[in-house]
Number of protein chains: 2
Amino acid sequence: MATLTAAQRREQARADYDAFLRECPTNQLLGRLSDKWVSLVVAALAAGPLRYSDIGRKVAGVSPKMLTQTLRTLERDGILSRTVTPSVPVRVDYALTPLGASLAGLLTAVKDWAETHFDEVRTARERYDSENPG
Amino acid sequence: MATLTAAQRREQARADYDAFLRECPTNQLLGRLSDKWVSLVVAALAAGPLRYSDIGRKVAGVSPKMLTQTLRTLERDGILSRTVTPSVPVRVDYALTPLGASLAGLLTAVKDWAETHFDEVRTARERYDSENPG
DNA sequence: CCGCATCCTTTTCGATACTG
DNA sequence: CAGTATCGAAAAGGATGCGG
């Protein structure tokens with residue numbers, strides 16, 4: 001008779017796996033970077049520093065909540081810097097750090113790819129949909 | 001008195017905006033590509049074709065549901081091809097298309113960036129957390 | 001102007017069990 | 001082996017109102 005039940009073994013395996021994932025840099029960061037708003041915000045700042053409301057205007061469709069949330073995590077990760085000018089009313093500027101700039105090149109490359117190859121993707125979708133009715 | 005209430009104007013603006021977003025190629029594709037599993041699956045296939053279960057093993061922690069879902073959308077978008085060999089048991093191979101291969105380079109560049117700069121990001125996080133208690 | 005807190009809806013996702 | 005179906009938990013996301 002085994003010293004562990006099947007359920008216990010499964011739980012153990014899951015715990016090990018969770019620990020592994022938490023230590024895996026690629027998955028951690030990739031999960032963070034795999035965010036629609038991250039790409040758009042970084043792309044927006046690639047051209048130069050912007051104020052909070054300017055980013056909101058440049059990144060179409062982002063709610064204040066998501067914008068703030070995205071900016072906070074990117075600031076925490078050292079991707080961008082946040083500068084508060086204590087005037088009245090307050091002025092807050094965001095800019096890419098050198099680290100962020102190195103990432104921006106890659107993300108805009110992906111964005112450019114999307115723009116360049118969208119027609120091919122659309123064609124592929126239409127073909128797929130016509131070949132797979134239902 | 002206006003012919004529309006503020007709420008109605010807001011709703012109208014949102015409808016217009018939604019229509020705009022649906023037509024925007026960049027946002028459509030970028031949203032699709034900004035997916036953790038997409039990056040990982042494409043990266044897994046970058047080295048060469050793989051069978052369904054091989055991908056599942058290579059991409060740690062993906063459930064059958066998400067794997068199938070991801071593979072289906074990528075096939076529909078023309079990023080990868082699906083080949084069924086009607087043996088017993090069935091054998092299904094997935095491979096990047098030329099279109100997918102052109103994308104793979106960019107995504108693995110992002111993945112490499114994550115691996116290379118993870119230490120910097122971690123350091124930035126620790127600094128941020130110590131400077132922002134609570 | 002910038003942003004936080006709250007509520008609430010929608011969507012996503014993982015676990016599980018089952019089929020050809 | 002390669003999926004599909006279903007369920008429930010979890011998270012994301014938007015709306016709104018307030019505060020510095």
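Naming: A, B, ... by sequence-line order, numbering from 1 per chain. Here the structure is a predicted model, which is why all the values come from computation and not from measurement.
- Proximity of B:Arg51 to the phosphate of D:dA2: a side-chain N or O atom is located under 4.0 Å from OP1 or OP2.
- Residues B:Leu99 and A:Phe118 share a hydrophobic cluster, clusters being chains of Ile/Leu/Val/Met/Phe/Trp/Tyr side chains in contact below 4.5 Å.
- Rounded to whole angstrom, the span from the CZ atom of A:Arg32 across to the P atom of D:dA12 amounts to 10 Å.
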Atom pairs, N/O to N/O, protein against nucleotides 4-11 of chain C, distance under 3.5 Å?
residue, atom, partner, partner atom, Å
C:dC4, OP1, A:Arg72, NE, 3.3
C:dC4, OP1, A:Arg72, NH2, 2.5

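- You'll find that the side chain of A:Ser63 is closest to D:dG14, out of D:dG14, C:dC13, D:dG3.
- In this structure, CG of B:Leu67 is placed 8 Å from P of D:dG3, rounded to the nearest angstrom.
- Comparing C:dC13, D:dG3, D:dG14 by their closest approach to the side chain of B:Tyr52 singles out D:dG3.
- Put simply, CG on B:Leu50 is 11 Å from P on D:dA2, counting in whole angstrom units.
- With D:dG13, D:dG3, D:dC1 as the candidates, the nucleotide lying closest to the side chain of A:Trp37 is D:dG13.
- Rounded to whole Å, atom C1' of D:dC1 lies 13 Å from atom CD1 of B:Ile55.
- For the helix from C:dC1-D:dG20 to C:dG20-D:dC1, the end axes, each set by the C1' atoms of five terminal pairs, are bent relative to each other by 50° (nearest 10°).
- Residues A:Leu50 and A:Val92 share a hydrophobic cluster, clusters being chains of Ile/Leu/Val/Met/Phe/Trp/Tyr side chains in contact below 4.5 Å.
- Atoms CZ (A:Arg57) and C1' (C:dC2) sit 13 Å apart, rounded to a whole Å.
- Every residue two or more places apart in sequence or in another chain that forms a side chain to side chain contact (heavy atoms under 4.5 Å, CB included) with A:Ala47 is listed here: A:Lys58.
- The backbone N or O of B:Lys111 sits nowhere less than 3.5 Å from a side-chain atom of B:Thr108 that would complete a donor-acceptor pair.
- The CG-P distance, from A:Asp35 to D:dA12, rounds to 9 Å in whole Å.
- D:dC1 atom C1' lies 11 Å from atom CG of B:Asp54, rounded to whole Å.
- The salt bridge (charged side-chain N to carboxylate O under 4.0 Å, His left out) search around B:Arg127 returns B:Glu131, not counting sequence neighbours.
- At a threshold of 4.5 Å between non-hydrogen side-chain atoms, the residues A:Leu40 and A:Thr70 do not count as touching.
- The cluster map of Ile, Leu, Val, Met, Phe, Trp and Tyr, joined by side-chain heavy atoms under 4.5 Å apart, puts A:Val84 and A:Leu67 in the same cluster.
- Legend: residues meeting side chain to side chain contact (heavy atoms under 4.5 Å, CB included) with B:Ser63, ordered by chain and number and at least two apart, are B:Lys65, B:Met66.
- Partners of A:Leu106 under the side chain to side chain contact (heavy atoms under 4.5 Å, CB included) rule, at least two apart in sequence or in another chain, are B:Ala109, B:Val110, B:Trp113.
- If you measure from atom CD of A:Glu75 to atom C1' of C:dC2, you get 14 Å, rounded to the nearest angstrom.
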